[in-house]
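Below you'll find the structure, written out as structure tokens, and then a few comments.
Lettering follows sequence order; numbering is per chain, from 1. Only this structure's heavy atoms are used, side chains among them; waters, hydrogens and symmetry mates stay out. The shown structure was predicted, so the numbers you read here are calculated from the model rather than taken from an experiment.
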Amino acid sequence: MAVQLYNTLTRQKEVFHPLEEGKVKMYVCGPTVYNYIHIGNARSAVVFDMVRRYLIYRGYDVKYVTNFTDVDDKIIDAAKEAGEDVFALAEKFIEKFHEDTSALGVKRADLHPRVTETMPDIIAFIEGLIAKGYAYESAGDVYFKTRSFPDYGKLSGQSTDDLQAGARIEVGERKQDPLDFALWKQAKADEVSWESPWSQGRPGWHIECSAMVKKYLGETIDIHAGGQDLTFPHHENEVAQSEALTEEQMASYWLHNGYLQIDNEKMSKSLGNFVLVNDLIREYDPEKIRFFMLQSHYRQPLNFNAELVEAAGAGLSRIRTFLENVRHRYRTSADFADGEAWLQKIESFKGRFMNEMDDDFHSGNAITVLFDFVKEGNLYLQGPHTSREVLREIMNTFQEWGEVLGVTFFVEEDLLPADIEDYIEQRGKAREHRNFQEADRIRDLLKEEGIELEDTPQGTRWKRVSKS
RNA sequence: GGCGGCAUAGCCAAGUGGUAAGGCAGGGGACUGCAAAUCCUCUACGCCCCGGUUCAAAUCCGGGUGCCGCCUCCA
């Protein structure tokens, strides 16, 4: 089976065929850096990071680019309000973006271009559109002539006539048509601006992505992704600009992730329910949050609240506990060599995992495969004989899956301090003498220090837990 | 008004014609000195409602109802 993905452009699931065999060019719309990212931004970053990781797992050489919108009205407003320099503010939130997303297991993109670093390319792009008659200057602004692009609306499924009916017509607009959108905007006197053939100004929002895609990935790319809300107008406008200029298809596949809601309500400033990742990761293990997000399909709407994250976290713990038990068994048991049947079973689980992921990156179903594995694996561990080869292969397999999902399944072990080891030994002796009062006293003592003891047929083992 | 999505157990969530996965929570049992971990078992006579097609429908068709998103530089 091959990778299949749902393409917004065609509104159906398609088999993935990259432009160039074995290589994937992928662009994801990044944030406007005027604040800490919220949990909705994070979902987008997390799910497309997962897509990227899976394509790499499938053997593709992926070039992954995601931008920062580092100049924009909102940034200017935020800087004004904070009394800070516009560029310093953007820089700060770019750093915070990296901090927050990396806590959530998101790998850095191959390139993180910024608007402010792409200005010559943006200006050249606009000049090209004017030269071809797709854009016009109007009192220092430049607008894209939407109706001059016949395919306008093909991505979002809107016709220009439908849009016309709902279009908001602003008073005093410099546009020739309400559907036209800005490529370049003249700056106000005190605003940050760049020199251009038309005015001191700055680019419109949509043009940056078109220019960056072209500059860093080429005229046609394989996958263009972003949040569902970007489909229109942002991506629709990108398509219009890019395809008008290059006369080539901009992207083969368009992926859009579903919206995240807070307690079944839209996240909005007016409701005051914005959840910032930076706050969240102080309260929760960030991996719980990532695991929670990946348990549902990326295109589905996702409700977010504390109970749901905790429930997902409990599931994650089940997997981690299983692997701790596997590791313990690996270290403490004699080898029972005949593991052929189980090695085959592992292969079949790997196949199931891949089938689920091939189906439009259905990480939720892929995780179900992990739980099925854990169930059978636990039964294996209960048996009297285990093969070291099988145990090692189980650990390798979860290591691999963890890499694809971006979740750490193996808990870091630190060295057991010698005095704690002594306590465990003392307790063992007490138990031998059936002095359970003393044994429990030691166990409780260690528990207070965050060390939990478990007695198994292979001896007493310990693990770190949060201090009670 | 236009475009799109979703309705399955207490909660999350699979399942696109063949007789309801998985996770969390909860009940019962086994194992254990007691725990922990684990296993077994129970919890949807029914998949928003009403019709229809079919030997057979959560799944297909028709008609409703409810919720949500976009059409406002919000991922």
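For the pairing with A:Asp49, the side chain to side chain donor-acceptor pair (under 3.5 Å) check across A:Arg290, A:Lys107, A:Arg108 returns one residue only, A:Arg290.
For A:Gly364 and A:Asn41, each mapped to the nucleotide of RNA chain B holding its nearest heavy atom, the one lying further toward the 5' end belongs to A:Gly364. Both A:Phe371 and A:Thr321 sit near RNA chain B, but only A:Phe371 has its closest nucleotide nearer the 5' end.
Searching all strands for a Watson-Crick or G-U wobble partner of B:G51 with both distances below 3.5 Å returns B:C61. Base pairing of B:A21: no nucleotide in any strand meets the Watson-Crick or G-U wobble criterion (both distances under 3.5 Å). Nucleotide B:U32: unpaired (no Watson-Crick or G-U wobble partner with both distances less than 3.5 Å). Applying the Watson-Crick and G-U wobble criteria (two distances, each under 3.5 Å), B:G1 pairs with B:C71. B:A44: no Watson-Crick or G-U partner with both key distances under 3.5 Å is found in any strand.
Taking atom P in both B:A44 and B:A20, the straight-line distance is 12 Å, to the nearest Å. Rounded to whole Å, the separation between the P atoms of B:G5 and B:C45 comes to 30 Å. Comparing the C1' positions of B:C48 and B:C34 gives a spacing of 49 Å, expressed to the nearest Å. The gap from the C1' atom of B:G22 to that of B:U8 amounts to 14 Å, rounded to the nearest Å.
Relative to the side chain of A:Thr368, the nucleotides B:A37, B:C12, B:G22 differ in distance, and B:G22 lies closest. Distance from the side chain of A:His362 is smallest for B:A14 among the nucleotides B:G33, B:A14, B:A35. Listed nucleotides: B:A36, B:C70, B:A75. Nearest to the side chain of A:Gln158: B:C70. Each of B:A37, B:A75, B:C39 was ranked by its minimum atom distance to the side chain of A:Ser44; first place goes to B:A75. Nearest nucleotide to the A:Ala314 side chain, out of B:C71, B:G4, B:A25: B:A25. Here the side chain of A:Met267 is nearest to one of B:A75, B:C24, B:C71, namely B:A75. Minimum atom distance to the side chain of A:Gln300 is reached by B:C6, of the listed B:C12, B:C6, B:U38. Here the side chain of A:Leu260 is nearest to one of B:A75, B:U38, B:G33, namely B:A75.
Among the heavy atoms of the strands lying under 4.0 Å from A:Gly40 is at least one base atom, whether or not backbone atoms are also near. At a threshold of 4.0 angstrom between heavy atoms, the contacts of A:Tyr259 include nucleobase atoms, whether or not backbone atoms are also involved. Using a 4.0 Å heavy-atom cutoff across all strands shown, A:Gln228 reaches sugar-phosphate atoms only and no base atom. Contacts of A:Phe436 with the nucleic acid, taken as non-hydrogen atoms under 4.0 Å apart, include base atoms. Using a 4.0 Å heavy-atom cutoff across all strands shown, A:Ser156 reaches sugar-phosphate atoms only and no base atom. Nucleic acid contact class of A:Glu307 (heavy atoms, under 4.0 Å, all strands): none. If you check every strand for non-hydrogen atoms under 4.0 Å, A:Asp229 touches a base. Residue A:Lys375 is in sugar-phosphate contact alone, with no base atom involved, counting any heavy-atom pair closer than 4.0 Å across all strands shown. Residue A:Asn303 is classed as having no contact, given no heavy-atom separation below 4.0 Å to the nucleic acid. Among the atoms of the strands shown, only primed sugar atoms or phosphate atoms (P, OP1, OP2) are found under 4.0 Å from some heavy atom of A:Gln261. Residue contacts shown for A:His234 are absent, as no nucleic acid heavy atom lies under 4.0 Å away. Contacts of A:Arg299 with the nucleic acid, taken as non-hydrogen atoms under 4.0 Å apart, are absent. Within the nucleic acid shown, A:Arg202 has no heavy atom closer than 4.0 Å to any nucleic acid atom. Nucleic acid contact for A:Ile367: none, since no nucleic acid atom lies under 4.0 Å from a heavy atom of the residue.
In the interface, the side chain of A:Arg443 is paired with the base of B:C34 through a donor and an acceptor atom under 3.5 Å apart. Contact annotation: side chain of A:His297 to base of B:A13, donor-acceptor pair absent below 3.5 Å. Residue side chain A:Asn305 does not reach the base of B:C12 through any donor-acceptor N/O pair under 3.5 Å, judged by distance alone. Counting atom types as modelled, A:Arg461 pairs no side-chain N or O with a base atom of B:A37 as donor and acceptor under 3.5 Å.
Residues A:Trp194 and A:Thr116 meet the side-chain proximity criterion, which asks for heavy atoms closer than 4.5 Å. Side-chain contact check for A:His433 versus A:Glu438: every heavy-atom pair is 4.5 Å or farther apart. The shortest side-chain heavy-atom distance between A:Pro203 and A:Val115 falls under the 4.5 Å cut-off.
At whole-Å resolution of the value, CZ in A:Arg427 and C1' in B:G33 are 10 Å apart. In this structure, CZ of A:Phe232 is placed 13 Å from P of B:C70, rounded to the nearest angstrom. Atom CG in A:Leu294 sits about 19 Å away from atom P in B:C12, given to the nearest Å. Taking atom CG of A:Asp444 as the reference point, atom P of B:C34 lies 16 Å away to the nearest angstrom. Rounded to whole angstrom, the span from the CD atom of A:Gln295 across to the P atom of B:A25 amounts to 12 Å. Atom CG of A:Leu230 is separated from atom P of B:G4 by 19 Å (rounded to the nearest Å). In this structure, A:Phe291 places its CZ atom 11 Å from C1' of B:C24, rounding to the nearest Å. A straight line from CZ of A:Arg431 to P of B:A36 spans 14 Å, rounded to a whole angstrom.
Ion pairing of A:Lys96 with A:Glu99 is present here, as a side-chain N (NZ or NE/NH1/NH2) and a carboxylate O approach within less than 4.0 Å. A salt bridge is defined here as a Lys NZ or Arg NE, NH1 or NH2 lying under 4.0 Å from an Asp or Glu carboxylate O, and A:Asp440 with A:Arg443 meets this definition. A salt bridge does not link A:Glu432 to A:Lys429: none of the charged side-chain nitrogens sits closer than 4.0 Å to a carboxylate oxygen.
Note on A:Asn365: every side-chain N or O is 4.0 Å or more away from OP1 and OP2 of B:A14. Contact between the side-chain N/O atoms of A:Arg318 and the OP1/OP2 oxygens of B:C39 is found at a separation under 4.0 Å.
A:Arg327 forms no cation-pi arrangement with A:Phe410, by the criterion of a distance under 6.0 Å to the ring centre and an angle within 45° of the ring axis.
Within 6.0 Å of NZ on A:Lys288 lie more than 12 heavy atoms contributed by other residues, nucleotides or ligands.
Between A:His112 and A:His98, the angle of the ring planes goes over 60°, which puts this pair in the perpendicular group of the 30/60° scheme.
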